[in-house]
Structure formats: C-alpha cells, structure tokens
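Report on one structure; see the data block that follows.
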Amino acid sequence: MTHSTEPLDFAVPAARPRPTSVRWAILALLLAFSFMSWLNRVSMSVAYDERIRDELHLSATAIGYVYSALLFAYMLCMTPGGWFVDRWGSRWALAIMGLGSALFVALTGAVGFAALSVAATVGALLVVRAALGVFTAPIYPASGHAIAHWLPVPQRAAANGAVMGAALIGIASSYYAFGTLIDLFNWPGAFLVTGSVTALLALLWTCFARDFPAAHPAVNPEELNIICGGPAVRMHVAAEDAVVVTATAAAPRDGAGLWRTLAANRSLALLTVSYAAVGYVEYLFYFWVHHYFDQVLKVGPDMSRLYSTLVFLAMAAGMFLGGWVSDQLTRTAGRRTGRVAVVAGGMVLGALLVGLGLFSPLPGWTVLLFGLALAAVGATEGPSWATAVELGGRRGATAAGIFNTGGNAGGVLAPVITPLVSDAWGWKWGLGLGALICLTGACLWFWIDPDDADTAPPAS
C-alpha cells in the first residue's frame, strides 16, 4: 500500500464580507440637514421673542408677515424644487439648498448689523427670509428621493419619519441653542454662526453623497443587496455606467404629460389636501406656541423655553415612532392599512388633545396635552412622505414637491391667521381652529390608496 505524501487540501470557505454602512451615513446627513433647516427657520421667532420685539417694537402681526414670507416662497418653489430633484438628483439639489440657505441665514444677521430704520428692517427681513424659503424648498423632496434610492421599502416610512423628527429636534433646540447664541452674540451674530454651520454641512454633503448607491465608491455588493432587497444584478456594471442607466430611467422627460399624470392621481390630490391640514397645525405651533406660553399663559421666558422645548421633543418622538409603527403594520396588514391607520388615527387624536389642552386649568397639563397632541400629529409625517414619493413612481420627488406644496399652503396661513383670529376671539379660538382643520384632513385618508402609484415610464 502506498501513501501519498502530498498535503491534503481542505478548502476553507472565505468569510462573507460584512455589508458597508454608507446608507446610514447618507441618512445621518439628511437628518443633519433637516435639523439645521428648521433651526434656521424657527430661530427667527426666537430672535423676535427675545430681542427684536423690544428693540424694534414690532407687533405680532407684523412679524407674522416676515414668518409667512419664508413659508410663501417655500411653498411656491416646492413643486419646481421636486422637479429639479427628479431631473438633477438629490446630491446637487441638497448642495444648492444648503449653500443658498447658509447665505441667507447669514444675511438675516447682516440686516440686524445694518442698523436700518424699523420699516427698512422689516422690508429687508421680508426679502431675505423669502429668499431663504426659495433655497430651502427642495430639502424634503430631495430627502425622500434619497431615501427611496438608499433604503429598502420596509424601512422608508421610519427613515422619512426620522428626517422629519430631526426637524422637530431642531425646532426644540432653537429655544435654548439659538437663545444661548443670542445671549453670547446678540441676534445678528447668532444668525451668522448658524449660517456658517449650515455651509459646512452643505460642503460635507457635496463631497460625500451620491445619488445612487451603485455610484458610491464605498458601497460594497453586500450593502447594495440589502438596499435592493435582493441580489444586485448590476454589480458588474461600472459605477459611472450605473449612474447613467439609473438616471436615464429616473429622469422625467415627458414635459406636460408629467404634470397631467400626477394631477390626475386622485390619491395624490387628496393626500396633498390632507397634508395642508397637518401643515396648518404644525406651523401654528412652530411659530406661536412659545408666544402662547410666554404672553398668554404668562409662565415667564425661562419656563416658556422649557415648555416649548418639551412639546417639540414630544413631537419629534412621535415622528420617529409613527414611521416605525407604520412600517410594522405595513409588513403584517399591508401598505394601505399601515399608512391609513397611523395617519388618520394620529390626526384625529391630535385634534382632540389640542382641544383638551386649551381648556386645561394648569400650565403643566397644557404642556402634557399639547406634547401628546403634537406627537400624534407628528406620527403622520413618515407614512405620509413615504406614500407621496411612492405615488409618484418614477416622478417621486416631483410628487413629493406637489404634496409638500399642500402642506405649506396650510402652513403659510397659520402664522398670519392665528393672531388675527386670536385678536378677535381669543387665543383658544386661534389654536382651536387648527384642531378643527386637522379633523377635516383626517377624513380624506379614507379615499387615499398608497398603491395608486404612477408606474408608467417617462417618454423618451
């Protein structure tokens, strides 16, 4: 018997590479953009309450027009901003948004340094804040567009909810963070600081982000499989080619047909009107809850900061939780049930809790009920945004722009209508009107079908 002297070759399978986590870095940057965007917006109301009102003797109605100048421009540019995202991608849309926002936030501070007359200051703030609204417009259509490309379907409502939750953390932080900057640098200097931070974030996004995972040099095949929800069939294609193939399929080129298709989508139209009701309630609280605590309930500046912060932190928690709950329900009960249950239920509950908070005899109970109300309304954000992008199909960012135009059509009215109604009938009516509008918007979800998507390819 002979024995081979050659060594036995036992093949040891190579360890499977771990997926990279670029998608989470992209999501983190989207969260940071959302945080800074809303801190930059609401900081105007903080500056008014803490310095501008006493320095310039502006009425609540006058500063309400400054708030609405941003919101009106933001609303008008929302749908064109969504079209821009679909045409050129979320990377460049958010880069332009970030750098433009940084410029006009800094110019808000420059208005204060200019030592103009009261009338000239108001006029300059109207122009500068309106320009900020123009550049801010693409942020959420671009974020929804990026999430649709970078995360699998079962995680999109939670991711959209997280992006909106980051906005609320930005709002909640503004009372202490921006208030502290005002204490250190006065209100013009505080705007220069936050403008600089926004510019640095925009530069980081521009250098790191890509529109599609296959185009990112740090994404490995395992992460791409997770994002695609299965085997990545195009990993043999060079990253540059993948961008061309995907972008060609994604970019709408059918002109007026694009708008006719989206306008004919009943679910998108109803979703847009419903989101206008959400926008009215949210913007009402964004711009007036600090004033309500300070000037109506007379709890003092320090407690007003604390109470406003707690209310918006509760809303942020609701946004995170609502997206997660919707995703879980979608897995078990289907997409329509998962979206309708969370959105319609949240709007109804939020309206009822606002009403209870207005008639609470103690400020502490008012804070608790307002916080729970805004958490319930905030829970609607993630599923609503995921539905808007999906209803648009290949025109997802444009559909999201139309949808968010509705949200801001409601929002742009709240800063002006609230003090007008409150001056006539009292602040309970001013805030209570928002609850009634919210109930009306909830009813529309019984006719909204998240599966009613535009699946037709763009014409060549």
Side-chain angles (χ1 to χ4, degrees), residues 29-48 51-52 63 65-78 80-85 88-116 120-143 146 163 166-167 170-171 173-174 177-178 181-182 184-209 286-287 401 404 408 412:
L29 289 171
L30 295 176
L31 297 178
F33 266 132
S34 186
F35 175 93
M36 287 305 303
S37 176
W38 269 100
L39 186 146
N40 288 335
R41 296 186 224 185
V42 177
S43 56
M44 191 72 237
S45 66
V46 178
Y48 171 73
R51 295 293 172 87
I52 295 174
I63 198 66
Y65 285 111
V66 173
Y67 300 158
S68 289
L70 185 155
L71 300 177
F72 188 70
Y74 180 71
M75 176 190 69
L76 289 181
C77 295
M78 183 60 57
W83 173 87
F84 183 89
V85 175
W88 301 104
S90 56
R91 181 190 182 194
W92 290 112
L94 286 172
I96 293 170
M97 182 281 299
L99 293 172
S101 296
L103 172 63
F104 286 100
V105 169
L107 286 176
T108 303
V111 170
F113 283 124
L116 303 171
T121 298
V122 172
L125 287 175
L126 285 169
V127 173
V128 169
R129 300 302 285 184
L132 176 61
V134 171
F135 278 94
T136 304
I139 180 172
Y140 293 114
S143 296
V163 168
I171 294 170
S173 300
S174 66
F178 198 77
L181 289 175
I182 290 174
L184 293 173
F185 306 110
N186 203 356
W187 69 271
F191 281 110
L192 293 181
V193 172
T194 54
S196 299
V197 173
T198 305
L200 290 174
L201 175 60
L203 292 173
L204 177 60
W205 167 267
T206 305
C207 294
F208 179 78
Y286 293 164
F287 288 97
N404 203 25
N408 285 277
V412 75

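Residues: numbered from 1 along the sequence shown.
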With rounding to the nearest 0.5 angstrom, report the [atom1] to [atom2] distance, [X] to [Y].
| X | Y | atom1 | atom2 | value |
| --- | --- | --- | --- | --- |
| Ile63 | Ser45 | CD1 | OG | 9.0 Å |
| Leu204 | Leu200 | CG | CG | 9.0 Å |
| Met36 | Ser101 | CE | OG | 10.0 Å |

Side chain to side chain contact (heavy atoms under 4.5 Å, CB included) assessment of Tyr67 paired with Tyr286: CA-CA 11 Å; Tyr67 300 158; Tyr286 293 164; over 6 Å; no

Quick one: closest heavy-atom pair of [X] and [Y], and the distance?
| X | Y | answer |
| --- | --- | --- |
| Ala95 | Thr206 | CB-OG1, 3.2 Å |
| Ala167 | Tyr140 | CB-OH, 3.4 Å |
| Ala93 | Val85 | CB-CG2, 3.6 Å |
| Val134 | Ala73 | CG2-CB, 3.9 Å |
| Leu132 | Asn40 | CD2-O, 4.5 Å |
| Ala47 | Phe178 | CB-CE2, 4.2 Å |

Would a 4.5 Å heavy-atom cut-off, applied to side chains only, mark [X] and [Y] as touching?
| X | Y | value |
| --- | --- | --- |
| Leu31 | Val163 | yes |
| Leu192 | Val105 | no |
| Leu203 | Leu99 | yes |
| Met44 | Leu125 | yes |

Phe35, CZ atom: more than 12 neighbouring heavy atoms under 6.0 Å: yes

Test side-chain contact (heavy atoms from CB on, under 4.5 Å) applied to Met78 and Thr136, Ile139, Asn404, the passing residue: Asn404

Thr121 and its side-chain contact (heavy atoms from CB on, under 4.5 Å) partner, picked from Ile52, Leu126, Val66, Val111: Val111

Plane angle bin for Trp187 and Phe191 - parallel if under 30°, tilted between 30 and 60°, otherwise perpendicular: perpendicular

Exam field: side chain Ser34 to backbone Leu30, donor-acceptor pair closer than 3.5 Å: no

Phe72 six-ring face occupied by Arg129 cation (under 6.0 Å, within 45°): no

